[in-house]
Amino acid sequence: MAPAIPTAMERPHFIGIGGAGMSGIAKILARRGARVAGSDAKESPTAAALRELGATVRIGHAADHLAGDASCVVVSSAIRADNPELARAAELGIPAVHRSDALASLMTGLRSIAVAGTHGKTTTTSMLAVALSGLGLDPSYAIGGDLAGPGTNARHGAGEIFVAEADESDRSFHKYAPEVAIVLNVELDHHANYASMDEIYESFEIFADRIVPGGTLVISADQQGAVELTGRLRTRSGLNIVTYGESDSADVRVHKITPRGLTSEVTVVVDGRFLTFTVSVPGSHYALNAVAALAAGVALGVPAHNLASALGKYTGVKRRLQLKGEAAGVQVIDSYAHHPTEMTADLAAMRGASAGSRLLVVFQPHLFSRTQELGKEMGQALALADASLVLDIYPAREDPIDGVTSELIIAAARASGADVTAVHDMADVPGAVAGMARPGDLVLTMGAGDVTDLGPEILARLSS
């Protein structure tokens, strides 16, 4: 039985209700009986899905979209202070609740797993949600992306487990108190909020300290930042630490990862026993995400062999090396990768799955601050492709920074020997790809912005 809805969340109004994180919380609250309302910048399938659950969704942001009897307004860090609905809430004395506080309230009273890390959170959370659901445990979950199977980013389950993606970008993961936490990796990112690796480590330490006494931290034994964090946490009392990875010292050790086209076969050693299962997406980084999910489920008391079998039923999450289709002998795949580590991992995975085919990339940089700090490394990553088209920077929540453009990435890519072309108008991309591609090629649209919308357009142009 689900915990009661907190009074503040009985009539919530979500500003930006169509966002991946916001919509998931709104869906769960609607399922629990709250009177949900909200607004978003544009119409979307997510808005339509929320209306089917009984939510009131307005398009555009205006003061009169906020009902006077709303119990709170829910905001994310992307909502600016001058938003008319937020300003109207202040006038009416309606409290503003951050998205992370709203999610934390949904997790209260349940056995929660919080998944954190610079990369791989959405995939790992999805793997856990699918595996636990497949085992009949009926978990609730909130994910930063849509599952390819159920086609949703959130679910209100009748079971006692809640699986949540925990976002470190704005330190909002400090709000959760999980029974089990996963840290996949620790790297410098989110430069608008963190000035150094020391600040990153301190933030992850606070997150780990939020784990309930006697709870478990599942953390990578391979990634340098995670290893450093583990060293900092070893003296914490009341914290069980379980490491996973290919390192010989890992508690849950990866014995072998065998690529099989667009899938991988993974063999792990858990408590001295060998377990083998299939991961339906290519690349060792996705295989390691699955092992992290396995270790977290075991920490919660689920038998390892059951989890291994259930993880084999995971079919992927949208935008994580998602096959969009094939036309004229060319496969078009979508990747959410926007950090150099993610880009390198996905490009390497596609190289391993391509069996000698050419790899063509359409890359859209995400955020001016990230490009300013990591543009060189992004360009170096693109050298793994046979040819790349690089779009203008997708600003998301940021204002432009003088002198920071996609040219920083293009120059670095060319210096690394990459074949790179700048494209300033997205409408030109489908034709450019059709002119480059030939049967047998793989086309990868890559980035966290609206580059994902190009997949169907590229397929249509290839077909014609």
Side-chain angles (χ1 to χ4, degrees), residues 8-32 34-92 94-103 105-106 122 141-147 150-156 164-165 167 169-170 172 317-319 336 364 366-367 394-399 426 447-454 456:
M9 303 305 298
E10 289 177 346
R11 300 181 307 281
H13 178 92
F14 288 77
I15 304 176
I17 196 169
M22 297 282 271
S23 63
I25 298 168
K27 289 173 184 176
I28 294 172
L29 279 168
R31 288 289 192 191
R32 289 191 183 180
R35 196 187 77 192
V36 175
S39 63
D40 206 34
K42 60 183 181 180
E43 193 61 71
S44 67
T46 299
L50 284 161
R51 291 189 187 104
E52 289 181 7
L53 292 175
T56 300
V57 181
R58 305 281 187 88
I59 302 304
H61 296 295
D64 61 3
H65 286 174
L66 175 66
D69 65 345
S71 57
C72 69
V73 292
V74 184
V75 298
S76 70
S77 298
I79 302 302
R80 302 196 180 202
D82 60 357
N83 180 279
E85 293 163 34
L86 186 56
R88 179 59 175 161
E91 292 174 5
L92 296 174
I94 297 172
V97 175
H98 192 272
R99 177 189 63 81
S100 57
D101 289 302
L103 178 55
S105 73
L106 296 180
T122 298
Y141 55 80
I143 307 170
D146 280 340
L147 289 170
T152 181
N153 58 337
R155 185 175 188 278
H156 166 55
E165 185 171 335
D167 185 10
S169 67
D170 56 0
S172 61
V317 63
K318 291 181 180 178
R319 303 205 63 187
Y336 187 70
Q364 182 186 52
H366 187 259
L367 299 181
Y394 185 81
R397 57 190 175 272
E398 291 188 343
D399 294 321
M426 287 184 67
D450 55 5
V451 66
T452 186
D453 297 335
L454 289 174

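Predicted model, so just to flag it, every value in this text is computed and none were measured. Residue numbers count from 1 along this sequence.
- Nearest heavy-atom pair across A47 and E43 is CB-OE2, 3.4 Å.
- Contact check for H98 versus S77: side-chain heavy atoms found under the 4.5 Å cut-off.
- In this structure, the separation between OG on S44 and CD1 on I59 is 6.5 Å, given to the nearest 0.5 Å.
- Atom CD1 of I94 sits about 8.0 Å away from atom CG of D69, to the nearest 0.5 Å.
- When side chains are defined from C-beta on, M426 counts as touching Q364, because their heavy atoms get closer than 4.5 Å.
- In this structure, S71 contributes its side chain and A8 its backbone to a donor-acceptor pair below 3.5 Å.
- One N or O on the side chain of N83 and one on the backbone of L86 form a donor-acceptor pair closer than 3.5 Å.
- When side chains are defined from C-beta on, V75 does not count as touching V97, because their heavy atoms never get closer than 4.5 Å.
- Closest approach of L103 and A142 over heavy atoms only: CD1-CB, 3.9 Å.
- For the atom pair CD1 (I79) and NE2 (H61), the distance works out to 5.5 Å, reported to the nearest 0.5 Å.
- Using a 4.0 Å cut-off between charged side-chain N and carboxylate O, R88 and E85 make no salt bridge.
- At least one side-chain heavy atom of V74 sits less than 4.5 Å from a side-chain heavy atom of M9.
- Side-chain atoms of L50 and F14, non-hydrogen and from C-beta on, never get closer than 4.5 Å to each other.
- Here the closest heavy-atom approach between residue S23 and residue T46 is recorded as CB-CG2, 3.5 Å.
- Here E91 contributes atom CD and L66 contributes atom CG; the two are 10.0 Å apart, rounded to the nearest 0.5 Å.
- Expressed to the nearest 0.5 Å, how far CD1 of I28 lies from OH of Y141 amounts to 9.0 Å.
- Using a 4.0 Å cut-off between a side-chain N of Lys or Arg and a carboxylate O of Asp or Glu, E165 and R99 do not qualify as a salt bridge.
- From I143, atom CD1 reaches atom CZ of R155 across 11.5 Å, with rounding to the nearest 0.5 Å.
- Across all non-hydrogen atoms, the minimal contact from E398 to R80 is C-NH2, 4.2 Å.
- Enclosure of atom CZ in R31 is not indicated, since only 12 or fewer non-hydrogen atoms of other residues, nucleotides or ligands lie within 6.0 angstrom.
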Please determine whether side-chain hydrogen bond (donor to acceptor under 3.5 Å, both in side chains) holds for the pair S100 and D167, giving the CA-CA distance in whole Å, both sets of side-chain angles, and the decisive distance to 0.1 Å.
CA-CA 9 Å; S100 57; D167 185 10; over 6 Å; no
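- In this structure, V57 and S39 have side chains that are not in contact, with every pair of non-hydrogen atoms separated by 4.5 Å or more.
- Here the side chains of I17 and V36 are in contact, with some heavy-atom distance below 4.5 Å.
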Do Y394 and D450 pass the side chain to side chain contact (heavy atoms under 4.5 Å, CB included) test, and can you show the C-alpha distance, the side-chain angles, and the key distance before you say yes or no?
CA-CA 8 Å; Y394 185 81; D450 55 5; 3.7 Å; yes
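- Put simply, the side chain of L106 does not reach to within 4.5 Å of the side chain of H156, judged on heavy atoms.
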